[in-house]
Novice: 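Before anything else, here's the structure in question.
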Protein chains: 2
Amino acid sequence: MPRGVQAAKSEVATAKALEAALGLFSKQGYGATSMRTISEASGLSVGNLYHHFGSKEAIFQRLIDEYWEHLLDPNNDLQRVFEAAEFPDDLEDLATAIEKSVEDHRSYIMLIFIDVIEFSGTHIRAFYESMAERFQKTYSESFAQRKRDGLLGEVDPLVGVMVATRWLFYFFTVEKCFGVPMHFGMDTSQAVDEFIRIVRHGVLPRGGSAPIPESQSD
Amino acid sequence: MPRGVQAAKSEVATAKALEAALGLFSKQGYGATSMRTISEASGLSVGNLYHHFGSKEAIFQRLIDEYWEHLLDPNNDLQRVFEAAEFPDDLEDLATAIEKSVEDHRSYIMLIFIDVIEFSGTHIRAFYESMAERFQKTYSESFAQRKRDGLLGEVDPLVGVMVATRWLFYFFTVEKCFGVPMHFGMDTSQAVDEFIRIVRHGVLPRGGSAPIPESQSD
DNA sequence: AGTAACAAAACGAGCGTTCGGTTTTTACGA
DNA sequence: TCGTAAAAACCGAACGCTCGTTTTGTTACT
């Protein structure tokens, strides 16, 4: 009987239940997944599930919490890219890290959309709202310095990094979670490269700082 | 008894049912909405719903079909922007049209996410896949001409218009459908303006065509 | 002995769908 | 214009089933 480093009493069982629930929720949604199904998939009895979690919704909440923990873990690749704060030079790294993050957390990402639909976004709203603030904290110092050095254009780089991050997350989510690969009519890496070029240089020809000819009617 | 221009027999009833179902599906999801609830909200009896639609899923399918019809209607603002094919000069118009489109079809847009979650994307996959092709048809001619005139940079403008369109749809969907307003820490129009600037000019300073200093390690 | 972990049956409610029946509309020969 | 019979529209109870949860226990640690 080992003592000292021993895990909380029934951590193994709850971990199995959470894993099973994640797989089921992410594939069929919350409402369509029954406690009995989770019971069968995890090997725990229904009564035991209620003993450990109290309710079905509590299981869902636990899974959401797990995702934030993974996502904000300073040791994962994505957080390291953010820490380095070298946008837009590291756009390729950002894309790679986000691709990996979406791949690794495929099931968890589905939970976000499930929450929006089946719970009106109750469980995830707070996080979304704090996102702008988090970016501000991470990047403001770095951007101020590099602006002074003339390394940035006239666009607010904070918006740039948020636009790029969100877009890449969205792109890979559609590709990997919604099951619609190559949805720009080209392969993934090509689409990402083009996107990075746009973020860095825009679609207009370089050099000419002349304003666009006024083609809008009203 | 008017004859000639008389509508199909029970169009009014089915329209009421579809409207009620759309409101309920979009707010609570497919599984969480019961036929009895649709019956109460529409004023039709449950039996009558089955008489007109045959099954619950058939109602959902009808709503998805309605959305594509609205979205591809050549008379709406968004399709007119696409027809004009003046990207990227008309980015402001594109943003306005997409904002309106998302606002007008808020409930229908939720159906897409519901389909992805509760039906594994069965009802909408075909459309997503045909999207690249549709853009190609609309824009290829216009882009070829303007490339010859030197009005476009080195970025593939077809990717540009798809990136911009998809991003704007995504942005307004989060704002208006997911209930998370101003999620970049600024108000909507400001965030859109910044995004448009990025698409046109990129985040790097203009004029300097020098390559980025190699800051990547591997 | 006491507490946490587990199991299984049972409960009440709600589900999608079907069915038997009534009402309304339609079609058409007289 | 009317009468009438077929067809469509409509209703609500009932069927068989599954749901989230509770209850009542038994087993296993400490």
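Note that these values count all heavy atoms, side chains included, but never hydrogens, waters or copies made by symmetry. So you know, we letter chains A, B, ... as the sequences are listed, proteins then strands, and number each from 1.
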Novice: State plainly whether the residues A:R200 and A:E92 are in salt-bridge range, i.e. N to O under 4.0 Å.
Specialist: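 Yes.
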Novice: Can a side-chain donor-acceptor contact be found between A:T188 and A:E175 if the only test is distance below 3.5 angstrom?
Specialist: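 A:T188 and A:E175 do have a side-chain donor-acceptor pair below 3.5 Å.
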Novice: For residues B:D65 and B:Q61, is any side-chain donor paired with an opposing acceptor at under 3.5 Å?
Specialist: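 Indeed, the side chains of B:D65 and B:Q61 share at least one donor-acceptor pair under 3.5 Å.
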Novice: Have a look at A:H123 and tell me which of A:W68, A:F60, A:Y30, A:F113 forms a ring pair (Phe, Tyr, Trp, His ring centres under 6.0 Å) with it.
Specialist: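 Result: among A:W68, A:F60, A:Y30, A:F113, A:F60 is the only option passing the ring pair (Phe, Tyr, Trp, His ring centres under 6.0 Å) with A:H123.
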Novice: How many angstroms lie between atom CD of A:E57 and atom CD of A:E118, to the nearest 0.5 angstrom?
Specialist: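 Taking CD in A:E57 and CD in A:E118, the distance rounds to 10.5 Å.
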Novice: Nearest to the B:H52 side chain among D:dC11, C:dC6, D:dA9, which nucleotide is it?
Specialist: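 When the side chain of B:H52 is considered, D:dA9 is the closest of D:dC11, C:dC6, D:dA9.
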Novice: Measure up the A:Y67 and A:Y108 rings against each other and bin them: parallel (under 30°), tilted (30 to 60°), perpendicular (over 60°).
Specialist: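 A:Y67 vs A:Y108 ring planes: parallel.
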Novice: Within the 4.0 Å limit for protein heavy atoms, which parts of nucleotides 20-29 of chain D are touched? Write it as a string from 5' to 3', B for base, S for sugar-phosphate only, - for none.
Specialist: BBB-------
Novice: Tell me whether the side-chain N/O atoms of A:N48 come closer than 4.0 Å to OP1 or OP2 in C:dA5.
Specialist: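 No, outside the criterion.
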Novice: Taking 4.0 angstrom as the limit, do B:R146 and B:E86 come out as a salt bridge?
Specialist: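 Salt bridge: no.
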Novice: Rounded to the nearest Å, what distance is computed from the CG atom of residue B:L44 to the C1' atom of nucleotide C:dT23?
Specialist: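 About 15 Å, once rounded to whole Å.
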Novice: Of all residues at least two apart in sequence or in a different chain, which pass the side-chain hydrogen bond (donor to acceptor under 3.5 Å, both in side chains) check with B:T37?
Specialist: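 By the side-chain hydrogen bond (donor to acceptor under 3.5 Å, both in side chains) rule, B:T37 matches B:S34.
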Novice: Among residues 14-28 of chain A, which ones have heavy-atom contacts with DNA chain C below 4.0 Å?
Specialist: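 Those residues: none at all.
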Novice: For B:E11 and D:dA8, what is the distance between atoms CD and C1' respectively, to the nearest whole Å?
Specialist: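 Distance, rounded to whole Å: 15 Å.
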Novice: Does A:H51 place a side-chain N or O at less than 4.0 Å from the phosphate oxygens OP1/OP2 of C:dC6?
Specialist: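 Indeed not, no polar side-chain atom of A:H51 lies that close.
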